[in-house]
Every structure is written in structure tokens, then in C-alpha cells.
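Worksheet: one structure, shown below.
Here is the naming used below: chain letters follow the sequence lines, and residue numbers restart at 1 for every chain. Computed from a prediction, not measured in an experiment: that's the story for all the values here. All values below were derived from every heavy atom in this structure, side-chain atoms included, with hydrogens, water molecules and symmetry-related copies excluded.
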Protein chains: 2
Amino acid sequence: MDEQRSRAAEVPAGRVRPVTGAVTLKQVAAEAEVSLATASRVLHRSGGREVRGALAERVQAAAERLGYVSNPHAQALARARSSTVGLIVHDVTDPYFAAIATGAMHAAHADGVMVMMAATFRDPELEIDYLGRLRAQGARGALLAGSGSTDPAVSGRLADAITAFTREGGRVTAIGARPDAHIDAVVPDNTDGARQARAHLEALGHRRIGVVSGPGTLLTVRQRLEGLGDGLRTVEADFTREGGYEAAAKLLAAHPDGGLTALIALNDLMAAGALAAARDAGRRVPEDLSVVGFDDLPFAADLSPALTTVRLPLRQMGERAMALLLTGSDGASPAAGPSAASAAEPGAAASRRTVDFPVELVVRASTAEAAGARTT
Amino acid sequence: MDEQRSRAAEVPAGRVRPVTGAVTLKQVAAEAEVSLATASRVLHRSGGREVRGALAERVQAAAERLGYVSNPHAQALARARSSTVGLIVHDVTDPYFAAIATGAMHAAHADGVMVMMAATFRDPELEIDYLGRLRAQGARGALLAGSGSTDPAVSGRLADAITAFTREGGRVTAIGARPDAHIDAVVPDNTDGARQARAHLEALGHRRIGVVSGPGTLLTVRQRLEGLGDGLRTVEADFTREGGYEAAAKLLAAHPDGGLTALIALNDLMAAGALAAARDAGRRVPEDLSVVGFDDLPFAADLSPALTTVRLPLRQMGERAMALLLTGSDGASPAAGPSAASAAEPGAAASRRTVDFPVELVVRASTAEAAGARTT
DNA sequence: TACTCGCTGGAAAGCGCTTTCCAAATTTCC
DNA sequence: GGAAATTTGGAAAGCGCTTTCCAGCGAGTA
């Protein structure tokens, strides 16, 4: 019943390749009349050893002729490491993550690596679960976009998952400020961005400024607040559009009339909400109230008025993070020319690398001179 | 440095598992004192044969105790089929695809399947390339979101790639109308949506309506145009915001004053552009000009005025498409209750299944009664 | 010329899991 | 009660590739 052993036979015509497809390395080796080992060495220059000219070319040609494509699973199994990387985001729908993902995929593609993307829908358990799966399949690494939970219980287990993964050779790098993780990270200069936002408003004569903040537990938020400095009226929201609306409405109600001449929202989603709140409260933007956002998501320019906001080079950050993950060593400086700060503690097995990206304020129509500032 | 490892302390001490990680089936089998085969049969009820109570429990327990996680690569290799599916989109950044991706990932997760997401950046070559890779790694299937190229040369090769993939057992399903492919598809009722849009405008008294169309080669566009019917002034654009702006500007310039009282853009991105163009042309929306979009992307409600648009259940479509891909057979009716039309040609090896999703017009602030319609 | 190296190509042992084939253990039927 | 039919667990042969060892060989050294 089992006599498909015709392999060895150099069947002249009608050589039917098994329906189930793919050309294997073995076939290539046979075609090139070399051993399996040699074919492997030629086609996947990973074993440290090269094969010289003549033979190599024969193999290449054979592979070409047969249309050989290596089987990633077999490779992963034999090497105990696959060539996929995971990209874990909160929500694919959020333009913030979409921009990062685009950059990451771009970089991954350049390296012939496939990206497994997973959305956690903000469920930290899922984040841990995915990390486990990536580990189980020997993924090359994982990109963690978005701040992790700071819930002590969960963050401990997350840290365990990361540790387990890295101990087995996986690389984990974060995009955005992560509370405590001892992993590589690519972060925007939140503090400076916030500083620029405030400076911009103050230059326009604004003195009474309200802040629609994000979850106080997030390191990202802390950094932005730090950059903002003191003396502002802050209300905490949850980084969503609705949250931004409510917080802004509250702020405006608490400071009627000219009590507040400007609002800074710690992300664009909330800024959009704030804009709506201002409209509903009868404040004209920017005449009565200036509004500044954070992130510069694509839709920011389409809001009305177009939003003045702090631009984060999200796409580049995604690219860089992936490059960091894949190359292991740091490549050239990215386009934006961030300053790379390596904290190379001698004691640590692997030093943690952090790449800072500069940010820039984009001034659009939502900010203008403060009403009473003409006198300055 | 990090010692939140308290949980793991219940280990009897001593027994050091190999650093390189993963528990293998073999270990589980040993622990349960059964053969490898039995362990496999218990843990992965795929072989058609079950194992009865006592033994089965012993294996389960052992697996539990050891924290066994099966190695997807080994499994894929042995089964000649992996448990990942590919999701190929044009652009992760486009909210349209993001919504679809969210749905697809949700459904995939429910099935324990991982999603490899790839963005083609609108390069059909990349689409073909990815399909090849998915094939090479025995992916369970691929979801193609967005219309394929209609360039004959490329589309032929794409069709070949699809055929090659399906011949090896991969399932390919499309989301959105695809020109010619003989594959399963999940499509929105474009025609009806367009009809609703026009009916809405006509009910408001609009008679002179302009259309900002998308690339005429796309089947999706053809369907929408068909639903719109005749007697409209149409200008073709490229589905981008900028294209929409230009097309709308042109349309408005060609029909000054009340020459046109309404505009229908064939997607929301272009509608956003049209809104901007109207503003720049000094037309008030909706007083002087009503504008209708298509898709109902998240930002539609945030435009000003909020956009009246045809809502596509993108997320559900993504979910359904993934379900179709994974289950092979059709599950229950989706939430939205689309009418499933199976074309079960007796002669075909596999019949092509198409799931239609109904769409609905969402009326917001960008449409109002036509200026001169009061007389009706 | 004899002998040790440094290279290069091939044989073969896995990587972790699935699945076919077998044989032993039951069960069923006359 | 014995033979045939049916289960059920295990041994083992791969899946396609990597990589360690080994043997063969021309080159360098004494």
C-alpha cells in the first residue's frame, strides 16, 4: 500500500511531484547532485560555514529551477528558533498603534521576517497569553506596544512571562515608556513634547491652562505631566475620546468664561473630545479657547479647527523598534536622529538599550493668542 | 533584582528543568507513564482516535503539572499544516482595514489560531509574495482584504498564487468585492448602500448631485456606482483624502453656486476631503451643500459637520470572514443577519461561498434639506 | 618523504510531534 | 467454548531542515 518510494527512481517523463506541494531541500540536493548538508549550507548561510563557488552555484541553480522555498516550520524546529516576531498591541483600530505597526512591518519585511500581530483589546491576561505562545513557538522576539498594566498582580506575571521568553533567547522590546521592564525600549521624548506644548501656549499669552490627562498610572502620562510643569488645572481621563469630552466639559464648567484660556489634552483622541466639549459649551476654538493635543494622529489635521499637537514619529519608532529587535545590535541612526542612550551596566547579562525619539510641536488652527494677551 | 518568583516556590526543590525551556510531549508521556503516541492522542484530539477515561486523565494531569505547551512548529511539520492564518491588507494605517483586522483577530483568537498580518502597501507583488510564503509554511489560509489589482498581468499571477495555495489545502477568502477570484468572499451590499444614500438625498429634495468616485477598475466602486444610478455628475478620484479634495473642488468649480446641492463620496476618506473642499470653496455644509460618505469609519462622527454616511459592518465582516476560513463550513448567522448565498455548483470541486452583509445609512449633520426644496 | 594541519563535503542524528501499522486485550457471535 | 471481529496502547517511521562528527585531501613542516 505504501510504495510511493519512487523518489529514488530517476523517472524520465511524467515525473509527478506529490500533490502536497512544496519542493524540499532534499530534492534540490538531488537535482544539484550534492548532499543534503551541502544544499542546506548553500541555501541558508547560517551554519557558520560557507561553500565555495562551483558547488554553491550548482545548488543555487537547482533551487532556482525547482522553485525551492524553505519550510519555515522545519527550519524553526531544527534551529529551535523561528523567524517570526510578535507584535502585541492593545487595539489595531487605534491609529496610534496602527502607525507603529506600519513601521514595524516595514522593517520586518526588509528582513524577511513575518509578523504575527495580536491585539490584546487591553486585556493584560491576553498579553501574557500571547507572550507564552510566542515563546512556545520559538519566536525571535516580541514588540510590546503600549504601556503595560501597572496592576501589581498582573505586571508581576507579565514580567515573569517576559523573563521566561528572554531566557529562552527571545528578544522583547517595548515601544513607549514601560514602567519597570528591563527590556530594550524605543520611547518618544514625552517630557520635552509637553514642555513645547506649554511653551507654545505661554508664548501666545495663555496663563490659565487646563490639562486633560490620561491614566495617572501610565509612565507615559507621568512623563508628559512632568514636562508640563506645575500650576495647571488637571483632570484625569482615560485616553478615550469620550473620556476627553467629559474631562474637558468638567474643566470648562469649573472655570466659566475666561477662567481657562487653553486646554492641553494628553492625546489626540481626548483632544477631539475636548474640541467637541468646547463647542457644546459655547466656547469658540481658538478665539475663546486654545486646544493642544498629543500624538498627531492622521485625523488631527481634519478636526475643526485643525489641531495643534505634539507629533510623535510613530512610524519611525515602530521601524526602529523592529530593527532593534532583529539586528540585536544598533543600526545606523534613524532618520530623525534620536540620541541613543545605552545603559550598559557591567553586571547585567545583557544591557538594556533605550532609544529616545525627539518630538515636535505641530502648530495648526486650534491655538491662537490668548484673548486678553493683546496687552502684553 | 527581580524576585517576584514566589509563586513557583511550591516546587519540591531540586528538579531542574533544562534551561532551554519548553516541556515536550515526550516528557509528559514519561511523567504519565504512557507512550508518546497516547499522550499525543490525548492532548490533541485530531487523530480521529480518542483515548478513554483513566489514561486520558493521567496524561492531562501530567501535562498540567509540567505546564506543557505544544510546539506549533513541530505540529505544523508533522501535520503538514500549521495553525496560523495570514491576513493581507493594503495598509494597516487605514481605519477601514484596521476595523476588519480587529474582527478577524477576534475570531481567530477564539479558535486559538495566530494571525500573521502583512501589509502590502498597495504593492500587488507583495501580495503575491506573501501568499507564497503562507503557502510555504502551510498556513491554514489567508484573508485578502481590499480589492486586488485589476492589472491583467499581475492579477493573473495573483490568481496563480491563490490557486497554488488552495491546491495545497490552504483556504483563501476575500473581504470586499474581488473582481474574478473563485474564492469565498464576504461582501457588503455596496449597491444597496449607494441606493440608500441617493434615496436619502432625494427625499431631502436634492436633484443635482455630484459623485466623488473611486478607482473605476475596482469592483467595489462599480457596485456603488451601479446602486447610485444615472443622472449624476461623477468625477473619479483615488480613494484618498487628497484625491477626494481635488475631485470635490473640481466638481464644485464646474457647478458654481447652486449648480450642485449635494455630494456623495464613495468612501469616508474622500468625504473628509470633500468637506474641506466645500469649506475652502465657501460652501456651507449642510446649508448650501449636503455631503454623504461611505464606510462609516470611526472619525466620521468627528468631522465637522458630522458625516452622514453608509455604515459597513467592517468588524463583523472581518469576524465572519475568519470564521468562514477556519470552520470551512458556515457557522450560524452573524449578528447582522446577512443572507448567505451559496453557489453550490454540482460540478465544482469546491463551491464558492459568498456572504453578503447588509449596510445601513447613518444620518448625521452633513446632510439637510436642499436649499430650494422647501417648495416641494 | 612522513606527518600533522586546516578545509571541505557527506552521513546521520536529531528537533517535537503525528500517524500508520501491529500486537495484545477484549468483546461478540455461533 | 473457540474463532472472528473489534478495541486500544505502543513502536516507529517520518515531516523538512540543521548541525555535529568524520573522512578525504592538498598543503605546510621537519
Legend entry - Axis deviation across the helix from C:dT1-D:dA30 to C:dC30-D:dG1, five-pair ends, to the nearest 10°: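 The end-segment axes of the helix from C:dT1-D:dA30 to C:dC30-D:dG1 are tilted 40° relative to each other.
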Inset, instruction - Hey, could you give me each pair passing ring pair (Phe, Tyr, Trp, His ring centres under 6.0 Å) that has a residue in residues 64-83 of chain B? Not counting sequence neighbours. - result: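 Matches after skipping sequence neighbours: A:His73-B:His73.
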Inset, instruction - Please figure out whether B:Ser35 or A:Ala37 has its closest DNA chain D nucleotide nearer the 5' end. - result: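 Counting from the 5' end, the first nearest nucleotide belongs to B:Ser35.
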Legend entry - Separation of atom CG in B:Leu43 from atom P in C:dT19, rounded to whole Å: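 Atom CG in B:Leu43 sits about 14 Å away from atom P in C:dT19.
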Inset, instruction - Under the ring pair (Phe, Tyr, Trp, His ring centres under 6.0 Å) rule, collect the residues that match up with B:Tyr130, sequence neighbours excluded. - result: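 Applying ring pair (Phe, Tyr, Trp, His ring centres under 6.0 Å) to B:Tyr130 gives A:His109.
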Using side-chain contact (heavy atoms from CB on, under 4.5 Å) as the criterion, list what pairs up with [X], not counting sequence neighbours.
X: B:Thr166; value: B:Ile162, B:Val172
X: A:Ala39; value: A:Leu25, A:Ala29, A:Val34, A:Val59
X: A:Ala61; value: A:Arg65

Inset, instruction - Check whether any side-chain N or O of B:Ser40 sits under 4.0 Å from OP1 or OP2 of C:dT18, and answer yes or no. - result: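 For B:Ser40, the contact criterion (side-chain N or O under 4.0 Å from OP1 or OP2 of C:dT18) is met.
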Legend entry - Contact check, side chains of A:Thr173 and A:Ile183, non-hydrogen atoms, under 4.5 Å: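 The answer is no, as the side chains (C-beta and beyond) never meet within the 4.5 Å cut-off.
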Legend entry - side chain to side chain donor-acceptor pair (under 3.5 Å) against B:Ser82, all qualifying residues, sequence neighbours excluded: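 For B:Ser82 the side chain to side chain donor-acceptor pair (under 3.5 Å) partners, ignoring immediate neighbours, are B:Thr84.
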Inset, instruction - Report the residues that fulfil side chain to side chain donor-acceptor pair (under 3.5 Å) with A:Arg140, sequence neighbours left out, ordered by chain and then residue number. - result: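 With neighbours one apart ignored, the set is empty.
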Give me the distances for all protein-to-nucleotides 13-16 of chain C N/O pairs that come in under 3.5 Å?
unit_1: C:dC15; atom_1: O2; unit_2: A:Ala78; atom_2: N; d: 3.3
unit_1: C:dG16; atom_1: N2; unit_2: B:Ala74; atom_2: O; d: 3.4

